[in-house]
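Throughout, protein chains are lettered first and strands after them, A, B, ... in sequence-line order, and every chain is numbered starting at 1.
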Amino acid sequence: MLDKNLLAEHPEIVKESLQRRNATDSLASVDAVGSLVAERKALVFERDNLNAERNRVSKDIGGLYKAGKPQEAEAMKARVAEVAERLKVLEVELTGVEAKIEAIAMDLPNLLHAEVPPGKDESANVVVKTWGEPRRFDFEPQAHVEVGAKLGILDFDRSAKLAGARFSVLSGAGARLDRALVSFFLDTHTTKNGYREVAVPYIVQRHVAEGTGQLPKFEADMFKLAEPLNGSDAFLVPTAEVPVTNLHREEILDDDQLPIRYCAFTPCFRSEAGSAGKDVRGLIRQHQFHKVELVWIVRPEDAEQAHRDLVSHAEGLLEALGLPYRTVMLCGGDTGFGAHRCYDIEAWIPTQGYREISSCSVFSDFQSRRMNLRYRPASTDGKKSKPKLPWTLNGSGLPTGRVIVAILENYQQADGSVVIPEVLRPYMGGLEAIEPSV
RNA sequence: GGAGAGAUGGCCGAGCGGUUGAAGGCGCUGGAUUCGAAAUCCAGUGUGCGUGUAAGCGUACCGAGGGUUCGAAUCCCUCUCUCUCCGCCA
């Protein structure tokens with residue numbers, strides 16, 4: 001969520017960012033919030049003054065009773081009743097105005113980083129790095145669906161029997177590969193990259209998903225439980241970003257707790273509403289997949305470096321696995337709702353080209369404000385400093401499904417076998433290659 | 001699922017419906033003392049919103065939301081959470 005005072009005082013800044021996002025339909029909202037914020041201030045001012053008066057008079061009434069002058073006290077009650085009447089009206093108005101502000105503000109996307117280029121879609125993204133050479137095959141490379149089927153490790157017919165489209169069954173070395181990747185990712189992050197591993201709930205309440213920005217706007221993309229959970233609407237997590245970023249919601253962190261860096265493995269559940277017809281085959285787009293996620297909470301001034309580090313941690317995994325990739329900075333139109341700036345890492349898939357495999361975003365204070373997450377900057381003058389909004393970041397590091405796609409396709413051999421990347425072999429019981437089962 | 005107890009500031013813990021943002025203690029910060037430290041003494045020590053250049057001032061908040069009242073941390077209702085015991089269960 002954006003700062004409401006910024007919306008009221010500098011609408012032009014917000015509008016400029018919306019233009020770069022190609023989100024012109026939101027421009028009117030900015031002006032709407034601006035006038036509502038002014039309206040709210042007037043209401044708050046009157047409300048506070050009336051409250052002050054009521055408190056004053058009520059105190060006097062108490063004093064009069066004590067002094068044994070009940071008649072005089074009774075006489076003053078009329079004024080309080082009058083004030084109370086007006087206050088009731090004001091409260092209702094104020095609640096209404098604040099709800100309106102909130103509703104509009106919650107639907108406005110984050111401000112973009114100054115260097116994010118304008119653009120409508122991925123065609124305007126900027127390639128900032130390319131690593132590795134796509135392999136030259138001396139045979140026709142097969143799609144991962146075929147490679148996996150022939151090896152007997154990937155089965156979409158049976159997953160369809162269980163749950164329908166967009167699910168998968170991994171078996172044998174395939175299932176183990178999935179687990180090996182999770183372990184490899186987590187081990188790398190905890191021992192090499194300095195993250196603390198957390199294991200979190202896979203179901204969250206509504207306000208949690210509002211905190212990171214999935215709600216209220218993208219409810220259609222989430223799986224919602226049919227029954228309320230502990231008194232609240234509840235959703236399956238679409239990514240560990242949601243529970244992990246919210247870990248410290250409503251807290252005031254000490255300066256020396258920062259930066260906080262968490263990694264977490266969770267299944268991810270996405271309804272993928274509106275993706276009809278896209279990637280219907282294979283592991284690319286699933287209703288359920290596994291992912292290790294990286295989450296940072298940092299001082300604003302440390303965010304630039306943090307974003308670079310975050311990207312390099314995701315890239316490092318692909319390099320360790322020997323998978324060619326390129327990194328792109330998303331243009332305004334392709335940058336996610338809450339993101340301030342986002343880099344996508346795209347792995348090379350022989351039968352598909354470069355495909356997104358990780359998305360690393362910095363959210364500035366957008367999520368912190370929604371979560372009411374703050375930190376207290378170190379004091380510079382001996383006095384306690386005021387709480388401030390930290391910046392949050394997150395990135396995939398990495399999902400297993402798309403990495404399995406990349407491994408099956410990039411490491412396939414003419415005989416149908418798939419070589420296991422060296423770094424994974426310790427996690428695969430020393431297995432060097434997955435051989436055809438026939 | 002059943003029965004009970006509870007939810008107050010960073011922590012512990014008081015709080016007859018009236019001047020309580022909230023006693024007391026601990027912790028923390030600054031100062032005094034000391035060669036330095038411990039101990040001791042003094043002072044300070046929540047968050048949001050509004051207003052102000054600022055100091056400050058006003059207002060709200062004692063799990064959440066409603067209600068009663070001139071006035072609610074204190075009374076009433078609903079919800080959520082935590083703890084204990086029983087049952088069930090991975």
Side-chain angles (χ1 to χ4, degrees), chain A residues 1-9 33-102 105 199-208 210-211 225 227-234 243 246-258 267 365 368-390:
Chain A
M1 190 161 58
L2 300 176
D3 179 7
K4 283 152 197 151
N5 286 324
L6 177 80
L7 280 164
E9 288 157 28
V33 174
S35 58
L36 285 167
V37 167
E39 199 178 321
R40 174 182 171 275
K41 283 193 182 180
L43 289 170
V44 166
F45 184 76
E46 189 183 352
R47 194 260 323 257
D48 281 1
N49 284 336
L50 288 178
N51 265 329
E53 181 177 353
R54 183 184 59 182
N55 290 343
R56 220 179 310 114
V57 177
S58 289
K59 252 178 209 176
D60 290 346
I61 291 174
L64 288 171
Y65 274 120
K66 238 174 220 170
K69 299 177 184 166
Q71 306 91 327
E72 287 177 45
E74 289 297 330
M76 292 177 77
K77 286 186 184 177
R79 176 57 192 155
V80 180
E82 214 174 287
V83 169
E85 196 79 5
R86 176 69 186 146
L87 275 171
K88 233 173 205 170
V89 175
L90 281 177
E91 277 311 335
V92 172
E93 276 181 51
L94 191 57
T95 305
V97 168
E98 287 184 336
K100 273 190 215 163
I101 293 174
E102 203 64 13
V200 296
Y202 304 154
I203 301 174
V204 294
Q205 297 185 327
R206 177 175 287 278
H207 63 277
V208 173
E210 285 173 347
L225 301 205
E227 297 296 328
L229 175 73
N230 292 324
S232 159
D233 285 343
N246 276 279
L247 276 174
H248 296 285
R249 75 188 335 269
E250 269 139 69
E251 291 183 25
I252 300 177
L253 302 167
D254 287 330
D255 187 78
D256 58 17
Q257 285 178 266
L258 302 178
D365 57 16
S368 292
R369 187 173 290 108
R370 285 172 168 249
M371 296 187 295
N372 194 216
L373 166 67
R374 291 162 297 168
Y375 78 105
R376 198 181 297 283
S379 170
T380 48
D381 56 359
K383 281 188 203 160
K384 217 166 161 184
S385 49
K386 285 264 169 257
K388 218 175 135 180
L389 295 167

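- With U47(B), U59(B), C70(B) as the choices, the nucleotide that has an atom nearest any side-chain atom of K77(A) turns out to be C70(B).
- The P atoms of C28(B) and G10(B) are separated by 16 Å, rounded to the nearest whole Å.
- Panel note: side chain D254(A), backbone D256(A); no donor-acceptor pair is recorded below 3.5 Å.
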**Study point:** Verdict with reasoning, R79(A) to I61(A), per side-chain contact (heavy atoms from CB on, under 4.5 Å)
**Key:** CA-CA 11 Å; R79(A) 176 57 192 155; I61(A) 291 174; over 6 Å; no

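- Within residues 92-99 of chain A, no residue has a heavy atom under 4.0 Å from RNA chain B.
- Summarising the geometry, the separation between CG on D254(A) and C1' on C28(B) is reported as 11 Å, rounded to the nearest angstrom.
- Between the CG atom in L94(A) and the CD atom in E46(A) there is a gap of 10.5 Å [rounded to 0.5 Å].
- Summarising the base pairing, C16(B) is matched to no nucleotide, lacking a Watson-Crick or G-U wobble pair whose two defining distances lie under 3.5 Å.
- Within 4.0 Å (heavy atoms only), R376(A) reaches sugar-phosphate atoms of the nucleic acid but no base atom.
- With the nearest nucleotide of RNA chain B identified for both F45(A) and Q205(A), F45(A) has the one nearer the 5' end.
- Taking atom CD of E85(A) as the reference point, atom C1' of U69(B) lies 15 Å away to the nearest angstrom.
- Remark: A72(B) base-pairs with no nucleotide in the shown strands. Criterion, Watson-Crick or G-U wobble with two distances under 3.5 Å.
- Across all strands shown, R79(A) has no heavy atoms under 4.0 Å from either base or sugar-phosphate atoms.
- Rounded to an integer number of Å, the gap from R40(A) CZ to C49(B) C1' is 6 Å.
- When rounded to the nearest whole Å, the span between NZ of K59(A) and C1' of G71(B) equals 11 Å.
- For N372(A) and G48(B), the shortest distance from a side-chain N or O to OP1 or OP2 is not below 4.0 Å.
- Between N49(A) and G63(A), the residue anchored nearer the 5' end of RNA chain B, judged by the nucleotide with its closest heavy atom, is G63(A).
- Between N51(A) atom CG and C61(B) atom C1' the separation is 12 Å, expressed in whole Å.
- Look at C89(B): it lacks any Watson-Crick or wobble partner with both distances under 3.5 angstrom.
- A straight line from CD of E46(A) to C1' of G58(B) spans 15 Å, rounded to a whole angstrom.
- Below the 3.5 angstrom threshold, one finds a donor paired with an acceptor across the side chain of D48(A) and the base of G58(B).
- Neither OP1 nor OP2 of C70(B) sits under 4.0 Å from any side-chain N or O of N55(A).
- A donor-acceptor pair is defined here as one N or O able to donate and one able to accept, closer than 3.5 Å; no such pair exists between the side chain of D233(A) and the backbone of R206(A).
- Defined by atom type and a distance below 3.5 Å, a donor-acceptor pair is missing between the side-chain atoms of Y65(A) and E72(A).
- As rounded to the nearest Å, C62(B) and G48(B) have C1' atoms that lie 16 Å from one another.
- Checking G46(B) for Watson-Crick or G-U wobble geometry (two distances, each under 3.5 Å) identifies C61(B) as its partner.
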Practice item. Please assess Q71(A) against E74(A) for the test side-chain contact (heavy atoms from CB on, under 4.5 Å), listing each intermediate value before the final yes or no. Key: CA-CA 5 Å; Q71(A) 306 91 327; E74(A) 289 297 330; 5.7 Å; no

Practice item. For side-chain contact (heavy atoms from CB on, under 4.5 Å), just list the numbers for L253(A) and R376(A), CA-CA rounded to whole Å, side-chain angles, deciding distance to a tenth of an Å, and then say yes or no. Key: CA-CA 6 Å; L253(A) 302 167; R376(A) 198 181 297 283; over 6 Å; no

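- In the set G18(B), U47(B), U51(B), the nucleotide with an atom closest to the side chain of K41(A) is U51(B).
- Considering only the side chain of R54(A), A60(B) comes nearest among G46(B), A60(B), G58(B).
- Across every strand in view, U51(B) sits in a pair with G56(B) that passes the Watson-Crick or G-U test at under 3.5 angstrom.
- No donor-acceptor pair under 3.5 Å is formed between the side chain of E93(A) and the backbone N or O of L43(A).
- Here G10(B) presents its P atom at 17 Å from CG of D256(A), a figure rounded to the nearest Å.
- On the C1' atoms, C81(B) is 10 Å away from A64(B), given to the nearest whole Å.
- Between the S232(A) side chain and the Q205(A) main chain, no donor and acceptor come within less than 3.5 Å of each other.
- Residue N230(A) has its side chain nearest to C81(B) when only G50(B), C81(B), G48(B) are considered.
- Figure legend. A22(B) is base-paired to no nucleotide; pairs are counted as Watson-Crick or G-U wobble with both atom distances under 3.5 Å.
- Summarising the geometry, the separation between OH on Y65(A) and P on U69(B) is reported as 13 Å, rounded to the nearest angstrom.
- Pairing of U82(B), defined by two Watson-Crick or G-U wobble distances under 3.5 Å, is identified with A5(B).
- Only the C1' atoms considered, U74(B) is 12 Å distant from A22(B), to the nearest whole Å.
- Under the Watson-Crick or G-U wobble criterion, with both distances below 3.5 Å, C41(B) is paired with G31(B).
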